[in-house]
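Worksheet for the structure shown next.
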Amino acid sequence: MTTDSWINETLYAEWGQRFLVKRELARVQSAFQDIVIFESVSHGRVMVLDGVIQITERDEFVYQEMLTHVPLLAHGAADNVLIIGAGDGGVLRRVLQHRGVKRAVMVEIDGEVVRLAKQFLPEIGGDAWNDPRGEVIVGDGIDYVKRAPDAAFDAIIVDSTDPIGVGEVLFTDDFYANCARILTTRGLVVNQCGVPFMQAGELRETSARRAKFFPHVTAYVAAVPTYVGGFMTLGWAAKDTSLTLASASEIRTRAQSAGILGTTRYWTPEIHVGAFNLPPYIAQQLPTLASGV
Ligand code: SAM
């Protein structure tokens, strides 16, 4: 039974998307944010935090596959992976799809997001919540990286909200300096950097900050239908400048042995390599020297 009520995203004051609601499933004001989960007519179940669309069942594969498979296959031997945010469980599931991953630690600040995602979006995290290689910690990502030992992780995946409110600390010098410290010599960190057509400053400022701590700073793109405004950028900061140079056939071989090939709906070896070819309106947001693609 469809209601006649709409949920409007409030990310941009002058422009936005809306969803016709079939059924509201949860509405919780947590200690950190306003959480709404509803069944939509068009995109399956949807999670909204503080009025901003976080995930829909229909298009989550685009973002989650690109945020996870690109850094792990570019690295090629990532045993230990740190995930910050990602309370819906989608990144954890994709990371644990990689046969070679020995440990995945996920640090999410809001336990209510995890609880509601398990209850109302069970497909997103799937069995990953019970995988013995996974560890889910409810805590602030900045505190975790400050306390973690040197060179503890091969890759850090930051799937956070935008740099406002609780997510702001994850876009600071302090956060990136600690990320560099806790990564191994070929380590890298990737994070959501917004939709540059509407949020160019997010990519520009974040990249300038990371260029202070990482020799290779760039970005790659994915077309996520419900992150409106064109390409979504995923920020890239690596200690090894050669990680983006692997050919599509090399990436295909790695995906085969990782158990990823043939399991994806957006990511392919060619999409992986091509995603680093940025249109000028996006490339110009990157620090010139450090970009070095
Ligand atoms: N893919 C979505 C996007 O790009 O907008 C993000 C999805 S995920 C649900 C975002 C998660 O980051 C939220 O659950 C939020 O609670 C978490 N988060 C925000 N700030 C955090 C912090 N400082 N430490 C850990 N998790 C944080």
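Numbering of ligands and ligand atoms starts at 1, following listing order. Everything numeric here is computed off the predicted structure, so don't read it as measured data.
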* **Within-cut-off N or O pair, V166 and ligand 1, under 3.5 Å** => yes

* Asked: Do V136 and V113 sit in the same hydrophobic cluster, where Ile, Leu, Val, Met, Phe, Trp and Tyr count as joined when their side-chain heavy atoms come under 4.5 Å apart?
  -> no

* **4.0 Å heavy-atom contact, D159 with ligand 1** => yes

* Asked: Under 4.0 Å from any heavy atom of D110, which atoms of ligand 1 are there?
  -> 16 (O)

* To do: Enumerate the atoms of ligand 1 whose separation from the nearest heavy atom of V107 is less than 4.0 angstrom.
  => 25 (C), 26 (N)

* Asked: Closer than 4.0 angstrom: is that true for some heavy atom of Y144 and an atom of ligand 1?
  -> no

* Residue pair E135, M106: steps toward the side-chain contact (heavy atoms from CB on, under 4.5 Å) verdict -> CA-CA 6 Å; E135 183 189 348; M106 180 182 129; over 6 Å; no

* Would you call L82 and N80 a side-chain contact if the rule is heavy atoms closer than 4.5 Å? -> no

* Asked: Taking C-beta and beyond as the side chain, do V70 and Y220 meet within less than 4.5 Å on heavy atoms?
  -> yes

* Asked: Is the shortest heavy-atom distance from the side chain of D88 to the side chain of Q64 under 4.5 Å?
  -> yes

* Give the atoms of ligand 1, by number and element, whose distance to some non-hydrogen atom of D140 is under 4.0 Å. => 22 (C), 23 (N), 24 (N)

* According to the interplanar angle, ranging from 0 to 90°, do the rings of F153 and Y144 count as parallel (below 30°), tilted (30 to 60°) or perpendicular (above 60°)? -> tilted

* Compute the minimum heavy-atom distance from L49 to ligand 1 and say whether it is under 4.0 Å. => yes

* Asked: Which atoms of ligand 1 sit under 4.0 Å from any heavy atom of G167?
  -> 20 (N)

* R210 to Y176, cation-pi by 6.0 Å centre distance and 45° axis angle -> yes

* Structure fact -> of all protein heavy atoms, closest to atom 4 (O) of ligand 1 is Y63 OH, 3.4 Å

* May I ask you to check whether I109 has an N/O atom sitting below 3.5 Å from an N/O atom of ligand 1? => yes

* Asked: Heavy-atom distance to atom 6 (C) of ligand 1: which of E108, Q33, Q54, M47 wins?
  -> Q54

* Structure fact -> Checking heavy atoms under 4.0 Å, the part of F32 that sits near ligand 1 is neither

* To do: Could you tell me which atoms of ligand 1, counted from 1 in the order shown, lie closer than 4.0 angstrom to a heavy atom of V169?
  => 23 (N)

* Sub-4.0 Å atoms of ligand 1 with respect to non-hydrogen atoms of D88 -> 7 (C), 8 (S), 9 (C)

* **Ring geometry between W236 and H216 (parallel below 30°, tilted from 30 to 60°, perpendicular above 60°)** => perpendicular

* So do the side chains of L188 and V190 get within less than 4.5 Å of each other, counting heavy atoms only? -> yes

* Which of the atoms in ligand 1, numbered in the order shown and given with their element, are less than 4.0 Å from a heavy-atom of V113? -> 14 (O)

* Asked: In Å, rounded to the nearest 0.5 Å, how long is the span from OG1 of T161 to CD1 of I109?
  -> 8.5 Å

* Asked: Short list, please: which atoms of ligand 1 are under 4.0 Å from a heavy atom of G141?
  -> 22 (C), 24 (N), 25 (C)

* **For atom 3 (C) of ligand 1, the protein heavy atom that lies nearest, with its residue and separation** => Y227 OH, 3.5 Å

* Asked: Is any side-chain heavy atom of I53 closer than 4.5 Å to a side-chain heavy atom of M47?
  -> no

* Structure fact -> Short version for T161: what comes under 4.0 Å of ligand 1, heavy atoms counted, is both

* To do: Pick one of side chain, backbone, both or neither for how I55 approaches ligand 1, counting any non-hydrogen atom pair under 4.0 Å.
  => neither

* Asked: Would A117 count as a contact of ligand 1 if the rule is a heavy atom under 4.0 Å away?
  -> no

* Asked: Under 3.5 Å, side chain of Q199 to main-chain N/O of V195, donor-acceptor pair present?
  -> yes

